[in-house]
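Written out below as structure tokens is the structure these notes cover.
These numbers come from the heavy atoms of this one structure, side chains and all, not from hydrogens, waters or symmetry mates.
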Amino acid sequence: MSVKKTETDRPETGTPDPAAAFLVAQEVRRLLRFHLALGLDVYPASEPLRSFLEAHPGGRPGPVLPSSALRRQRPGPEPGRQAVEPRQPVAAALDELGRAVQACSLCGLAENGQERTRGTGAEAPGLLVVGDWALQDKENEDRIFGPGEDEMLARMMAAIGLGGGDYHVTNALKCSPVGGPPPSRAAAACRPWLQREIAILRPRLICAMGELATQVLTGSNQPLARLHGRLHGCRCSPDRLPQVLPTYHPRLLLRQQELKKVVWQDLQKIRRYLDRSRGHIRPPAPTAVSRQSIR
């Protein structure tokens with residue numbers, strides 16, 4: 001009595017699965033993009049790496065495993081070594097980034113010796129606030145946007161129940177332009193610094209304040225009136241995460257009070273997003289009280 005063989009009875013031929021190879025290639029590409037965003041472009045040679053790069057006997061490649069099998073494999077560390085290098089402490093990484101920014105000379109602002117500013121706030125922020133640039137103010141070296149703007153920002157964050165330990169503030173431009181708008185190449189020159197900052201801080205959400213920050217973070221040239229209050233992918237991150245929610249800059253709110261109602265609605269969306277992403281940060285203030293606090 002003969003038994004008819006089915007498709008599932010066919011022996012394995014050892015031929016790599018094209019679909020599995022494609023998935024592995026995608027994972028490697030995503031990892032490389034993430035490393036580039038961190039500024040890592042050189043890998044130190046090690047014995048396992050040399051062994052991996054050596055040709056297989058007979059010139060034939062080894063078997064390609066499906067991605068599910070790769071996820072299950074967790075090889076132990078070599079004797080006396082850790083399997084994964086520990087991540088650099090955030091404070092040390094930010095200090096290193098600050099020194100690199102101080103030495104930058106990629107645009108006209110840096111060539112003119114303009115003062116550079118660095119971000120401030122939490123090292124593990126739920127929210128990263130990105131403005132355009134800091135106003136020149138020799139009497140107040142701690143400013144991030146400007147004296148009045150910083151005070152307005154603090155009120156905006158407090159209105160949705162966020163304290164200084166919940167968010168980090170920085171600028172898209174690290175140099176402060178004087179006497180007019182910054183040169184057109186300044187934003188492009190500064191974008192890699194912002195990319196590294198995002199990779200170090202790893203916030204859950206980014207609030208882009210103003211048109212320049214919104215353009216740098218989203219890559220969109222649409223007016224802020226169309227983009228504000230909506231979530232967008234992050235152009236400064238390889239996987240377009242974290243999400244970006246644009247709103248108006250405190251500098252504009254100080255000149256146009258009527259925009260505060262619009263910004264308040266955007267702030268509430270930020271609060272709801274943070275609450276959904278990882279529980280409540282702290283109990284939100286009543287709506288009537290919170291809205292009054294940004295006036």
Who passes salt bridge (Lys or Arg N to Asp or Glu O under 4.0 Å) against R251, sequence neighbours left out? D132, E149

Short N-O contact, D95 and R99, less than 4.0 angstrom: no

Go through the structure and list residues passing side chain to side chain donor-acceptor pair (under 3.5 Å) with T170, not counting sequence neighbours. K174, E197

Residues forming a side chain to side chain contact (heavy atoms under 4.5 Å, CB included) with A103, sequence neighbours excluded: none

Less than 4.5 Å apart, any side-chain heavy atom of L194 and any of N171? no

Of the non-hydrogen atoms in A208 and V244, which two are nearest, and what is the gap between them? CB-CG1, 3.9 Å

Any side-chain heavy atom of L205 within less than 4.5 Å of one from L128? no

Exercise: identify the closest heavy-atom pair between C207 and T247: SG-CG2, 3.7 Å

Roughly how far apart are D266 CG and K261 NZ, rounded to 0.5 Å? 13.0 Å

As an exercise, state the distance from NZ of K269 to CD1 of I160, rounded to the nearest 0.5 Å. 13.0 Å

Applying side chain to side chain contact (heavy atoms under 4.5 Å, CB included), can you list everything that pairs with Q102, at least two apart in sequence or on another chain? R116

Which residues share a ring pair (Phe, Tyr, Trp, His ring centres under 6.0 Å) with H232, sequence neighbours left out: none

Please name the pair of heavy atoms, one in Y167 and one in A154, separated by the smallest distance, quoted to 0.1 Å. OH-CA, 4.2 Å

Partner set under side chain to side chain contact (heavy atoms under 4.5 Å, CB included) for A122, not counting sequence neighbours: P125

Side-chain touch V90/L94, heavy atoms, less than 4.5 angstrom: yes

Any side-chain heavy-atom pair from R118 and V101 closer than 4.5 angstrom? no

If I take atom CD from residue Q243 and atom OG from residue S237, how far apart are they, to the nearest 0.5 angstrom? 10.5 Å

Side-chain heavy atoms nearer than 4.5 Å, only ILVMFWY residues, links allowed to pass through others: does that put V263 and I144 together? yes

With side chains defined as the heavy atoms from C-beta onward, is the minimum distance between V129 and M157 less than 4.5 Å? yes

Pairs involving residues 216-237, ordered by first then second residue, that meet salt bridge (charged side-chain N to carboxylate O under 4.0 Å, His left out) (sequence neighbours left out): none

Sequence neighbours excluded - ring-ring contact (aromatic ring centres under 6.0 Å, His included) pairs with any residue from residues 185-216: none

Contact between L259 and L252 at the side-chain level, heavy atoms closer than 4.5 Å - yes or no? yes

So, using ring pair (Phe, Tyr, Trp, His ring centres under 6.0 Å) as the criterion, who are the partners of H168 when residues are at least two apart? none

N/O donor to acceptor pairs below 3.5 angstrom from side-chain atoms of residues 212-221, sequence neighbours left out:
| unit_1 | atom_1 | unit_2 | atom_2 | d |
| --- | --- | --- | --- | --- |
| T214 | OG1 | G210 | O | 2.8 |
| T218 | OG1 | T214 | O | 2.6 |
| T218 | OG1 | S220 | N | 3.2 |
| S220 | OG | Q222 | N | 3.2 |

Measure from the side-chain N and O atoms of R143 to the backbone N and O of A134, and report whether any donor-acceptor pair falls under 3.5 Å. no

Taking salt bridge (Lys or Arg N to Asp or Glu O under 4.0 Å) as the test, write out the residues that go with E123, two or more places apart. none

W133 and C175, any side-chain heavy atoms less than 4.5 Å apart: no

Tell me whether D166 contacts the main-chain N or O of G163 through its side chain, where contact means a donor paired with an acceptor under 3.5 Å. yes

If you define the side chain from C-beta out and look only at heavy atoms, does anything of P242 sit under 4.5 Å from R204? no

Those residues at least two apart in sequence (or on a different chain) that pass ring pair (Phe, Tyr, Trp, His ring centres under 6.0 Å) with Y248 are H228

Y273/L127 under side-chain contact (heavy atoms from CB on, under 4.5 Å): CA gap, chis, key distance, verdict: CA-CA 10 Å; Y273 184 96; L127 178 69; over 6 Å; no

